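The figures here come from the full heavy-atom set of this structure, side chains too, leaving out hydrogens, waters and symmetry mates. On a predicted model such as this, the values are computed, not experimentally measured, just so you know.
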Protein chains: 2
Amino acid sequence: MASANRPLVTGFPGSDHDHGVCREAVLARADALCRSRGMRFTRLRRQVLELIWDEHRPVKAYELLERLRAERAGAAPPTVYRTLDFLLQEGLIHRVESLNAYVGCGDPGHLHPVQLLVCRCCAAVAELADDEVARLLRHKAGRMGFQADSAVVEVEGVCPQCSS
Amino acid sequence: MASANRPLVTGFPGSDHDHGVCREAVLARADALCRSRGMRFTRLRRQVLELIWDEHRPVKAYELLERLRAERAGAAPPTVYRTLDFLLQEGLIHRVESLNAYVGCGDPGHLHPVQLLVCRCCAAVAELADDEVARLLRHKAGRMGFQADSAVVEVEGVCPQCSS
DNA sequence: ATGGTAATGTTATACCATACCAAATTCATC
DNA sequence: GATGAATTTGGTATGGTATAACATTACCAT
Ligand SMILES: [Zn+2]
Ligand SMILES: [Zn+2]
Ligand SMILES: [Zn+2]
Ligand SMILES: [Zn+2]
């Protein structure tokens, strides 16, 4: 079982990536995190997070809705969006602004700057979570008199799998 | 008249900012740029760019549509979106992903990385256009085997006016 | 004038997200 | 175990963002 203090998934999943294991680890961590914060990791929330991790790729809200309906007939847009809001709040997923989509966080529980690498071939996403980038951005913003709170950073390009 | 080789608007407009002058300068530059590239800076395209620069702030497409209808009764969503696409293509405006809005480029004609500083109080936007940030991001991405092409960088925080 | 290309008009529709109120579930307290 | 407050979920409606598809017009070169 994965340590609670180590990132679970970083970088692009290679050929050796066992996504079944990855998925279970991330769900177990989510459960533990919610418990420790006194939040409820309900059946619905688990179902949605499972669906998001089904493919290790960003998922759109309505795609999620469609798949959720297999398990929950009455699901409607608010069902999904409310749950996404919860998962975002708890840092279990990230929103990809440039795709209007949502992706599982590979390192939930650790506060980290979010910089996403989005492959324009296969749509795979990896997280940089780089403090140096965050610091530089904050510094440069500060030089313009701007007090930076947070940042949306999404790099578009080609992932290792697709470039080979 | 502004030189064609100098950025027109950088940073947040201060109290000394004469936006009438700013607006005219940016429109004249747009006209010259389109001419030099063999593109047509039509009446519609000028109208839309004027509307975008009316407030030196990001504008939403449907807000733009509403205002455009004062001058062009039959305007519909495609009228606006097509024109926005053109202006984006020519580098005359930038899209703000985190707001679903569009903002005039303060330095059209110079290819530059786009990093936007978005004030969460007054919604004012400034451009960093910082090569060092772009390089660092590209470098860090490269270390994960990712070949970076472009990036969406939007910093949220408080602008100088609002923090004082 | 004529024909080709680019731009705009027009209608319809797809896609993304939230407001609002009702019903059910959970949890602490009695 | 019953009671009531608070959270979560159900369900309907609507608002907001963006594009598809095709008709028409304006522009430009021959
Ligand atoms: Zn995985
Ligand atoms: Zn993360
Ligand atoms: Zn101005
Ligand atoms: Zn710019």
Side-chain angles (χ1 to χ4, degrees), chain A residues 30-31 34-52 58-90 92-103 118 123 152 154, chain B residues 30-31 33-52 58-90 92-103 123 152 154:
Chain A
D31 194 345
C34 289
R35 258 175 226 288
S36 77
R37 291 170 182 165
M39 306 304 285
R40 293 194 247 159
F41 193 53
T42 61
R43 180 164 162 64
L44 173 62
R45 289 164 179 175
R46 168 176 263 271
Q47 283 177 325
V48 170
L49 189 55
E50 280 173 352
L51 289 173
I52 288 175
V59 194
K60 306 214 143 209
Y62 275 70
E63 188 187 339
L64 218 44
L65 174 58
E66 192 183 10
R67 291 205 263 137
L68 182 61
R69 280 179 167 150
E71 315 172 54
R72 225 166 235 267
T79 314
V80 168
Y81 282 103
R82 272 190 304 236
T83 309
L84 289 173
D85 284 344
F86 173 84
L87 297 173
L88 285 167
Q89 204 79 37
E90 296 302 317
L92 299 170
I93 63 174
H94 299 301
R95 175 174 159 82
V96 188
E97 291 289 345
S98 55
L99 299 177
N100 292 337
Y102 304 83
V103 67
V118 184
V152 173
E154 297 172 7
Chain B
D31 194 344
L33 271 174
C34 289
R35 258 175 225 290
S36 76
R37 292 170 181 166
M39 306 304 285
R40 296 169 20 199
F41 194 55
T42 62
R43 182 165 160 62
L44 173 61
R45 288 165 179 175
R46 169 175 264 271
Q47 283 177 324
V48 170
L49 189 56
E50 280 174 351
L51 290 173
I52 288 174
V59 194
K60 307 214 141 209
Y62 275 72
E63 187 186 339
L64 219 42
L65 174 57
E66 191 183 12
R67 291 205 264 139
L68 182 61
R69 279 180 166 148
E71 314 172 55
R72 224 165 235 268
T79 314
V80 168
Y81 281 103
R82 273 192 301 236
T83 308
L84 289 172
D85 284 344
F86 172 84
L87 298 173
L88 286 167
Q89 203 79 38
E90 296 303 315
L92 298 170
I93 62 174
H94 299 300
R95 175 172 159 83
V96 189
E97 291 289 345
S98 55
L99 299 176
N100 291 336
Y102 304 83
V103 68
V152 174
E154 297 172 8

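If you take CG of A:L64 and C1' of C:dA17, they are 14 Å apart, rounded to a whole angstrom. The CZ-C1' distance, from B:R37 to C:dA6, rounds to 18 Å in whole Å. At whole-Å resolution of the value, CZ in B:R46 and P in C:dA7 are 17 Å apart.
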Quick tally for nucleotides 8-24 of chain D: nucleotides whose base has a protein heavy atom under 4.0 Å get B, sugar-phosphate-only ones S, the rest -, giving SBBBB----BBBBB---
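Expressed to the nearest 0.5 Å, how far CG of B:L49 lies from CG of B:L44 amounts to 11.0 Å. The CZ atom of A:R46 sits 11.5 Å away from atom CG of A:L92, with the distance rounded to the nearest 0.5 Å.
Counting heavy atoms from C-beta on, the side chains of B:V48 and B:L68 come closer than 4.5 Å. Between A:R72 and A:R43 there is a side-chain heavy-atom pair separated by less than 4.5 Å.
With B:R95 as the partner, the side chain to side chain contact (heavy atoms under 4.5 Å, CB included) test is satisfied by one option alone out of B:V103, B:N100, B:V152, B:D85: B:N100.
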